[in-house]
Amino acid sequence: MNTRFSRFSVLFLFLLSWTSFTTTEAYDALDPTGNITIKWDIISWTPDGYVARVTIFNYQQYRHIESPGWQLGWTWLKKEVIWSMVGAQATEQGDCSKFKGDPPHCCKKTPTVVDLLPGTPYNHQISNCCRGGVVSSWAQDPATAVSAFQISVGQSGTTNTTVRAPRNVTLKAPGPGYTCGPAKTVAPTKFFSDDKRRKTQAMLTWNITCTYSQFLARKTPTCCVSLSSFYDKTIVPCPTCSCGCQNNSQTGTCVDQKTASVIQASSGKNNHEPLLQCTQHMCPIRVHWHVKTNYKEYWRVKIAITNFNYNMNYSLWNMVAQHPNFNNVTQLFSFNYKSLNPYAGINDTAMLWGIKFYNDMLSQAGPLGNVQSELLFQKTPSKFTFDKGWAFPRRIYFNGDNCVMPPPDSYPWLPNAASKFATLPFIVILITFFSVLILM
């Protein structure tokens with residue numbers, strides 16, 4: 001009986017562990033509370049439905065939505081239709097043949113909505129719309145980390161008790177990776193007039209929370225890290241096959257640097273099918289961290305980000321690095337900087353991004369496909385050392401995706417006898433031990 005009970009206990013713990021892995025795969029240690037929240041505010045009722053303002057808030061510190069922008073989809077619970085939209089549009093109208101006169105904007109049971117493009121006529125705009133679905137990260141620019149549209153829904157119910165929230169919400173930004181929970185009724189949103197003297201509120205508000213998982217977004221990583229230093233001639237490259245191998249068709253097209261210009265002209269840029277330069281790591285992005293100079297009270301690092309994708313310009317790019325000396329950054333060149341504190345009292349994470357109209361766009365692979373900066377750190381005497389790879393980052397993210405780091409045993413070493421002969425005492429002990437055994 002005890003044996004059967006213990007076997008059952010082991011099986012239960014095994015299944016419980018797998019359940020816990022599934023629920024935590026979207027957790028980001030450097031942005032533990034980051035998410036995209038969709039707020040669905042019903043602001044007025046109509047004869048057969050309602051008018052709602054739908055707002056997408058990107059509360060992620062460093063993960064943004066780049067071109068071609070977000071796509072929002074859902075399933076209607078009843079027989080709802082979209083009569084009209086402002087600031088966005090449904091990608092398909094669907095079958096509206098049963099309607100006489102002017103048909104609805106969309107009659108599909110599962111509509112997909114996209115943002116309008118810049119330059120949309122003003123009578124089709126509302127605030128925070130019409131940026132082609134591009135949404136900044138919250139730390140980079142909170143003012144553009146919001147996107148919104150207005151929707152008029154019919155055949156839906158006209159009271160708080162008869163109306164139903166959309167189900168099975170999906171968010172592509174622009175591809176997969178986001179998982180959205182069910183709509184939850186929350187306190188109605190308050191709205192202020194332009195002069196801030198009058199306050200109104202929504203009839204009903206639903207919140208939908210979406211979280212990101214890099215594992216769901218893509219099968220392979222998108223970036224890798226290489227390392228070097230002034231005290232070691234060794235340049236530690238990205239690990240081989242970090243993002244795929246050249247003979248693996250799933251990683252996309254690989255072209256030689258000499259013939260890339262010919263192939264690129266026929267494929268066009270900003271095609272989301274990668275056209276990668278052939279490398280041993282096969283990553284679209286490489287981040288290089290070089291320990292450049294050592295001063296008496298300071299030390300300097302050079303960072304270079306290189307694009308190996310001939311089909312992609314990275315606008316509004318950003319990089320996040322974790323290193324214990326980020327609590328003492330003295331000066332930064334050519335990049336914007338913001339300290340991230342995912343955990344109170346620990347200031348070891350920094351977000352870097354380009355300066356607007358200067359280097360905020362990382363161009364496609366080629367002579368201009370890189371951005372560089374230098375960071376000056378002040379030494380903390382009790383912690384600073386070049387030994388055991390301390391000067392290199394603990395982890396690096398590019399555009400919110402975790403980059404593949406080299407193995408720690410390959411990091412550049414200090415050129416002194418201590419590091420090379422660190423195992424000497426252990427060898428002496430072994431020799432002494434065997435000598436004693438022989439004598440016995």
Side-chain angles (χ1 to χ4, degrees), residues 20-41 52 54-76 87-91 108 110-115 128-129 131-142 144-149 151 165-184 186 205-223 272-274 284-285 312 314-318 320 342 351 397-403:
S20 64
F21 291 148
T22 303
T23 56
T24 58
E25 69 175 357
Y27 178 77
D28 187 345
L30 298 186
D31 190 12
T33 60
N35 66 74
I36 289 181
T37 297
I38 302 167
K39 190 176 288 290
W40 194 292
D41 293 306
V54 182
T55 310
I56 301 172
F57 295 93
N58 184 11
Y59 291 126
Q60 299 173 112
Q61 292 294 313
Y62 47 78
R63 187 172 293 111
H64 65 276
I65 302 175
E66 58 190 350
S67 178
W70 55 262
Q71 288 188 9
L72 184 64
W74 63 84
T75 301
W76 292 121
Q89 64 182 1
T91 57
K108 286 181 67 68
T110 56
T112 298
V113 171
V114 295
D115 193 15
N128 295 316
C129 85
R131 292 194 292 265
V134 175
V135 181
S136 175
S137 63
W138 196 259
Q140 207 163 344
D141 185 6
T144 58
V146 181
S147 185
F149 61 89
I151 181 172
R167 303 291 179 91
N168 304 325
V169 176
T170 59
L171 176 66
K172 294 184 178 180
Y178 285 92
T179 302
C180 300
K184 296 181 178 180
V186 296
T205 297
W206 296 309
N207 267 12
I208 302 156
T209 302
C210 304
T211 56
Y212 178 84
S213 169
Q214 186 173 346
F215 303 104
L216 295 177
R218 47 188 66 85
K219 296 179 180 179
T220 58
T222 58
C223 56
H272 287 271
E273 288 298 322
I285 295 292
M312 187 69 182
Y314 292 90
S315 58
L316 300 177
W317 64 268
N318 66 65
V320 173
M351 176 176 169
Y397 285 50
F398 180 82
N399 277 0
D401 284 344
N402 200 359
C403 299

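In this text, all values refer to a predicted model and were calculated from it rather than measured experimentally.
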Which atom names give the shortest non-hydrogen contact between [X] and [Y], and what distance separates them?
| X | Y | answer |
| --- | --- | --- |
| Leu316 | Gln140 | O-NE2, 3.2 Å |
| Cys210 | Ile38 | SG-CD1, 3.9 Å |
| Ser67 | Pro174 | O-CG, 4.2 Å |
| Asp115 | Arg131 | OD2-N, 3.0 Å |
| Asp31 | Gln60 | OD2-CA, 3.4 Å |
| Glu66 | Asn399 | OE1-ND2, 3.8 Å |

What is the distance from atom [atom1] of [X] to atom [atom2] of [Y], rounded to the nearest 0.5 Å?
| X | Y | atom1 | atom2 | value |
| --- | --- | --- | --- | --- |
| Gln71 | Thr112 | CD | OG1 | 6.5 Å |
| Lys172 | Leu72 | NZ | CG | 12.0 Å |
| Leu171 | Ile56 | CG | CD1 | 6.5 Å |
| Gln89 | Ile151 | CD | CD1 | 12.5 Å |
| Asn168 | Cys180 | CG | SG | 10.5 Å |
| Lys184 | Ile208 | NZ | CD1 | 11.5 Å |

| said: Looking only at the side chains, is there a donor atom on one of Thr37 and Asn35 sitting less than 3.5 Å from an acceptor on the other? | reply: yes

| Which residues satisfy the side-chain contact (heavy atoms from CB on, under 4.5 Å) test with Arg167, sequence neighbours excluded? |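 In terms of side-chain contact (heavy atoms from CB on, under 4.5 Å), with neighbours along the sequence ignored, Arg167 is linked to Leu77.
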
Heavy-atom side-chain proximity of [X] to [Y] below 4.5 angstrom:
| X | Y | answer |
| --- | --- | --- |
| Val320 | Leu30 | yes |
| Val146 | Thr55 | yes |
| Trp70 | Val113 | yes |
| Phe398 | Thr222 | no |
| His64 | Asn318 | yes |
| Val135 | Ser147 | yes |

| field | Worked check of side-chain contact (heavy atoms from CB on, under 4.5 Å) between Ile65 and Ile36 | value | CA-CA 10 Å; Ile65 302 175; Ile36 289 181; 3.9 Å; yes

| Matching residue for Tyr62 among Tyr397, Trp138, Trp317, Tyr212 - test: ring-ring contact (aromatic ring centres under 6.0 Å, His included) |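 So, applying the ring-ring contact (aromatic ring centres under 6.0 Å, His included) to Tyr62 and each of Tyr397, Trp138, Trp317, Tyr212, only Tyr397 qualifies.
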
Between [X] (side chain) and [Y] (backbone), is there a donor-acceptor pair under 3.5 Å?
| X | Y | result |
| --- | --- | --- |
| Gln214 | Asn402 | yes |
| Asn58 | Arg63 | yes |
| Ser137 | Gln61 | yes |

| message | Parallel, tilted or perpendicular: which one describes the rings of Trp76 and Trp74, with boundaries at 30° and 60°? | response | perpendicular

| query | Who pairs with Asp41 by salt bridge (charged side-chain N to carboxylate O under 4.0 Å, His left out), at least two apart in sequence or on another chain? | reply |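 With neighbours one apart ignored, the set is empty.
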
